[in-house]
Trainee: 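Here it is, the structure, as structure tokens.
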Amino acid sequence: MPSSTPATLNPTVAEVTQRIRDRSRQRRALYEAHMAAQHKQGVHRGELSCGNLAHGFAGCDVPTDKGRLKLTNSANLGIVSSYNDMLSAHRPFEDYPAAIKEAARGMGSTAQFAGGVPAMCDGVTQGQPGMELSLFSRDVIAMATAVALSHNMFDAALYLGICDKIVPGLFIGAARFGHLPAIFVPGGPMTTGLPNDEKARVRQLYAEGKAGREELLEAESQSYHSPGTCTFYGTANSNQLMMEMMGLHLPGASFVNPGTPLRDALTRYATEQAIRNTEQSGNYRPFYKQIDERAIVNAIVGLLASGGSTNHTLHLVAMAAAAGITINWDDFTDLSAVVPSMTRIYPNGQADVNHFQAAGGMSLLIRELLEAGLMHADIPTVFGTDMTAYTQEPFLEEGKLIWKEGPTTSHDSDVLRPVSNPFSPTGGLTVLDGNLGRGVIKISAVKQAHRIVEAPVKLFDDQNQVKAAFESGQLDRDVIVVVRFQGPKANGMPELHKLTPFLGVLQDRGYKVALVTDGRMSGASGKVPAAIHVTPEAVDRGPLSKLQDGDIVRLDAESGELNVLMDAATLEARPCAHISLEHNHFGMGRELFGGFRHLATKAEEGAGVFGGFEAEVLARELEKIEQEDQ
């Protein structure tokens, strides 16, 4: 049995969890009712006409699979995969379906490839027009997941995804098919390449014109060099941490390298466990009974303790909503006040996720959080246990997969520390609020001296304009760079990583510098303070649209302040800037996403296009009641 003993839950964690539960009560009840109704309707495989069912297994090339599907009393797993062979993180999934099918047959069951979902890479598209499809690809993936499972041939589902929008999209789809047991199956990170400090050095030299494209390309190629997830701690690896913190992975599955015997054994075991979790097994564990507000709080806590991606202040809001749970940025802020910063993984340090894994990885992180009462131990997991089992690590002994207790102390205190001796007593994320709106800032990589910036603003409506201003010397001064009209309704909210090297150079030159934007920077944002996801966005006549060059703005990550220093009447009287966004709406498929831009919700609501799920139904019911009362 696991030796870790959970402590009494931290009062703030308990309070935030309770207020989420209270806030979501009606919405969650509707969600659970919908899922229970779907479960009651059953898997249609047993009710299909002969012609329908024949279509469902006509493609099976193994006779025993057809026989089992004809009988309809064995479990059939649906595989939903983000495989493609261009992107390193998804390439390992190529061999998974065959291995999963073989493992299912060994359990007397079947597995079918239900469907693929798109998987785009921000590393390829950043700074390019295609990046404007990136955020909305999350919702496309959710819809593609629904299409894959819509045939209702399946008793459980395996979700094969790893990167930025893919896992959140799969999660949203899984939540809407929450009557099915679900296991998320990762691919693992590539092995360590070029040291991160060297990569960052070459990038800044290139930004200053002191290194050529050939040198830069060589450095990047040594960093991203083989199948597997990129090893820096961005959104992709934050996804994996979150899935394990919610018990949707097998214990210790997140950061095992691809193409290894242990990785293969974990995939086979995930298949077997998914079958054990089906109704046919007599131990039915559906997604909707596993993921509740406690699991969502665990995910937030894990992100804060590890300095995870700011993208999840968007994604996790949308993911929770799909499961009938309402969270907001205040929940992140309040938890950040009590959750210590326990890791230093690039860009918050120089180590990568392989170093984190070697230092103790998820088993030690979870052990520390449990023993400090900072996460919920009592949630059900796909492993068939509560979260105390996740202090264990997987090993192969004589070819058999087993779990043993993980380390109780860190093997490298420069990478992973205990709660009693953290890098910082608070988490790496906070909310900024003021007369410019609300935004979030990741401060885990920002030195104390740079967390308060008060300076004149320089306005840009396109990130490419920043490069030109940097190269011409216009930014060689204390400056707050404001890049606006980058929100979900304006242009799909692209990542703005192209700005990081330029702003980093300015900071290194001794200037006070910060970024304010209604766009995104994600988990790869680094040492420059960046107020991102600012809402309301400029295209919605938000306060950013009223700024003028030279206005003095104060960004204070310590007090949570984001203000332009002028009186309210003057700001209110200012006209709102308007720009033509036609060049952002056509080309590279962007014209296909006009409806998405129109429907997109605010950043703090998840920047999604699905409305409010159960919340929308509740709003209609409330409106109906109010009309009846009049």
Trainee: Measure the spacing between CZ of R438 and CG of L436 and express it to the nearest 0.5 Å.
Mentor: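 If we round to the nearest 0.5 Å, R438:CZ and L436:CG are 14.0 Å apart.
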
Trainee: Looking at CZ of F255 and CZ of R263, how far apart are the two atoms once the value is rounded to the nearest 0.5 Å?
Mentor: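 If I round to the nearest 0.5 Å, the distance is 10.5 Å.
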
Trainee: Strictly distance-based, threshold 3.5 Å: is any side-chain N or O of Q240 a donor or acceptor partner for the main-chain N or O of I162?
Mentor: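 Side chain of Q240 to backbone of I162, a donor-acceptor pair under 3.5 Å: yes, one is there.
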
Trainee: Are F171 and F287 an aromatic pair by the rule of ring centers under 6.0 Å?
Mentor: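 Centroid separation for F171 and F287: below 6.0 Å.
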
Trainee: Would you say the side-chain atoms of T343 pair up with the backbone N or O of L416, donor to acceptor, closer than 3.5 Å?
Mentor: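 Checked: no pair found.
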
Trainee: Looking at R451 and D556, is there a salt bridge between them, counting it only when a charged N and a carboxylate O are closer than 4.0 Å?
Mentor: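 Between R451 and D556 there is no salt bridge, as every charged N stays at least 4.0 Å from the carboxylate O atoms.
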
Trainee: Is there side-chain contact between C163 and H90, with at least one heavy-atom pair below 4.5 Å?
Mentor: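 Counting from C-beta outward, C163 and H90 do come under 4.5 Å.
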
Trainee: Rounded to the nearest 0.5 Å, what separates atom CG in D412 from atom CZ in F356?
Mentor: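 With rounding to 0.5 Å, CG (D412) is 12.0 Å from CZ (F356).
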
Trainee: Give me the atom names and distance for the closest heavy-atom approach of T12 to V338.
Mentor: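 Minimum heavy-atom contact is OG1-CG1, 3.5 Å.
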
Trainee: Would you sort out whether D331 and R23 count as a salt bridge (Lys or Arg N to Asp or Glu O under 4.0 Å), showing the intermediate values?
Mentor: CA-CA 12 Å; D331 300 327; R23 184 192 301 143; 2.8 Å; yes

Trainee: Quick check: does any side chain N or O of T145 sit under 3.5 Å from a backbone N or O of I141, one acting as donor and the other as acceptor?
Mentor: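 Side chain of T145 to backbone of I141: a pair is present.
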
Trainee: Centre of F423's six-membered ring, under 6.0 Å away, within 45 degrees of the axis: is that where NZ or CZ of R417 sits?
Mentor: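 Yes; both conditions hold, so R417 lies above the ring face of F423.
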
Trainee: Is the shortest side-chain heavy-atom distance between V297 and M375 below 4.5 Å?
Mentor: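 They are not in contact (no side-chain heavy atoms under 4.5 Å apart), so the answer is no.
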
Trainee: Below 30° counts as parallel, above 60° as perpendicular, anything between as tilted: where do the rings of F232 and Y346 land?
Mentor: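 The arrangement is perpendicular - the two ring planes meet at more than 60°.
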
Trainee: Evaluate whether atom NZ of K498 has more than 12 neighbouring non-hydrogen atoms of other residues, nucleotides or ligands under 6.0 angstrom away.
Mentor: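 Result for NZ/K498: enclosed.
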
Trainee: Could you give the distance from CZ (R520) to CD1 (I532), rounded to the nearest 0.5 Å?
Mentor: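 Reported value, rounded in 0.5 Å steps: 9.0 Å.
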
Trainee: Could you go through H312 and T235, starting from their C-alpha distance and side-chain angles, then the distance that decides it, and tell me whether this counts as side-chain hydrogen bond (donor to acceptor under 3.5 Å, both in side chains)?
Mentor: CA-CA 8 Å; H312 286 302; T235 311; 5.5 Å; no

Trainee: Under a 4.0 Å threshold between the charged nitrogen and the carboxylate oxygen, would K602 count as salt-bridged to E605?
Mentor: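 So E605 does not pair with K602 through a salt bridge.
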
Trainee: Looking at every heavy atom in both L374 and P340, which two are closest together, and how far apart are they?
Mentor: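 That would be CD1-CD, 3.7 Å.
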
Trainee: Regarding D330 and R19, does a basic nitrogen lie under 4.0 Å from an acidic carboxylate oxygen?
Mentor: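 No salt bridge links D330 with R19.
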
Trainee: Test side chain to side chain contact (heavy atoms under 4.5 Å, CB included) on I452 and L555 and set out the steps.
Mentor: CA-CA 6 Å; I452 301 174; L555 185 161; over 6 Å; no

Trainee: So, using salt bridge (charged side-chain N to carboxylate O under 4.0 Å, His left out) as the criterion, who are the partners of R21 when residues are at least two apart?
Mentor: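 R21: salt bridge (charged side-chain N to carboxylate O under 4.0 Å, His left out) contacts with E293.
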
Trainee: Describe, in one word, how the ring planes of F383 and Y269 are oriented to each other, choosing from parallel (under 30°), tilted (30 to 60°) and perpendicular (over 60°).
Mentor: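 Rings of F383 and Y269: tilted, 30 to 60°.
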
Trainee: Would you please test L303 and S238 for side chain to side chain contact (heavy atoms under 4.5 Å, CB included) and show each step?
Mentor: CA-CA 7 Å; L303 287 169; S238 297; 3.8 Å; yes

Trainee: Parallel, tilted or perpendicular: which describes the rings of H533 and W329, with under 30° parallel and over 60° perpendicular?
Mentor: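 Tilted, since the angle between the ring planes falls between 30° and 60°.
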
Trainee: Nearest 0.5 Å please: distance from the OH atom of Y390 over to the CD1 atom of I366.
Mentor: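 Output value for this atom pair is 8.0 Å.
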
Trainee: Take N257 and T191, measure what side-chain hydrogen bond (donor to acceptor under 3.5 Å, both in side chains) needs, and give me the verdict at the end.
Mentor: CA-CA 7 Å; N257 300 122; T191 55; over 6 Å; no

Trainee: Over 60° means perpendicular and under 30° means parallel, so classify the ring planes of F93 and Y96, tilted if in between.
Mentor: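 Aromatic pair Y96/F93 classed perpendicular.
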
Trainee: Can you tell me if H450 uses its side chain to pair, donor with acceptor, with the backbone of K447 under 3.5 Å?
Mentor: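 Side chain of H450 to backbone of K447: no pair is present.
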
Trainee: Is Q273 reaching over with its side chain to a backbone N or O of V382, donor-acceptor style, under 3.5 angstrom?
Mentor: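 Confirmed, Q273 side chain pairs with V382 backbone.
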
Trainee: In sequence, state the C-alpha distance, the side-chain angles, and the governing distance for L562 and V516, and then conclude on side chain to side chain contact (heavy atoms under 4.5 Å, CB included).
Mentor: CA-CA 9 Å; L562 181 63; V516 175; 4.0 Å; yes

Trainee: Walk me through whether Q392 and K404 qualify under side chain to side chain contact (heavy atoms under 4.5 Å, CB included).
Mentor: CA-CA 5 Å; Q392 298 178 90; K404 299 179 181 179; over 6 Å; no

Trainee: Does some side-chain heavy atom of V482 sit less than 4.5 Å from a side-chain heavy atom of T517?
Mentor: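 They are not in side-chain contact.
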
Trainee: Given 3.5 Å as the limit, does a donor-acceptor pair link the side chain of N84 with the main chain of L87, or not?
Mentor: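 Pair found, side chain donor or acceptor close to backbone of L87.
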
Trainee: Under a 4.5 Å cut-off applied to non-hydrogen side-chain atoms, are M342 and S306 in contact?
Mentor: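 SC-SC contact between M342 and S306 ruled out.
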
Trainee: Check side-chain hydrogen bond (donor to acceptor under 3.5 Å, both in side chains) between S137 and all other residues, then give those that pass, not counting sequence neighbours.
Mentor: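 None.
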
Trainee: Do the non-hydrogen side-chain atoms of L396 and L401 ever get within less than 4.5 Å of each other?
Mentor: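 Side chain of L396 against side chain of L401, heavy atoms only: contact under 4.5 Å found.
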
Trainee: When you look at T391 and E405, which way does the side-chain hydrogen bond (donor to acceptor under 3.5 Å, both in side chains) test go after all the steps?
Mentor: CA-CA 6 Å; T391 63; E405 279 299 312; 3.1 Å; yes

Trainee: So that I can tick it off, tell me whether K527 and D508 are bridged by a salt bridge, with the cut-off set at under 4.0 angstrom between side-chain N and carboxylate O.
Mentor: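 The answer is yes: the pair qualifies as a salt bridge.
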
Trainee: Are any of the side-chain nitrogens in K165 or D139 under 4.0 Å away from the carboxylate oxygens of its partner?
Mentor: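 So K165 does not pair with D139 through a salt bridge.
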
Trainee: Under 4.5 Å between any side-chain heavy atoms of I325 and I327, yes or no?
Mentor: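 When only atoms from C-beta onward are counted, I327 and I325 do touch, with a gap below 4.5 Å.
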
Trainee: Please report the C-alpha distance between D414 and Q350 in whole Å, then the side-chain angles of each, then the deciding distance to 0.1 Å, and finally whether the side-chain hydrogen bond (donor to acceptor under 3.5 Å, both in side chains) criterion is met.
Mentor: CA-CA 9 Å; D414 290 333; Q350 296 308 318; over 6 Å; no

Trainee: Under 4.5 Å between any side-chain heavy atoms of L266 and P394, yes or no?
Mentor: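 Side-chain contact under 4.5 Å: yes.
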
Trainee: About how many Å separate CG of L515 and CD1 of I480, when rounded to the nearest 0.5 Å?
Mentor: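 Taking CD1 in I480 and CG in L515, the distance rounds to 9.5 Å.
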
Trainee: Is there side-chain contact between M131 and M493, with heavy atoms separated by less than 4.5 Å?
Mentor: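 Not touching, per the 4.5 Å side-chain cut-off.
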
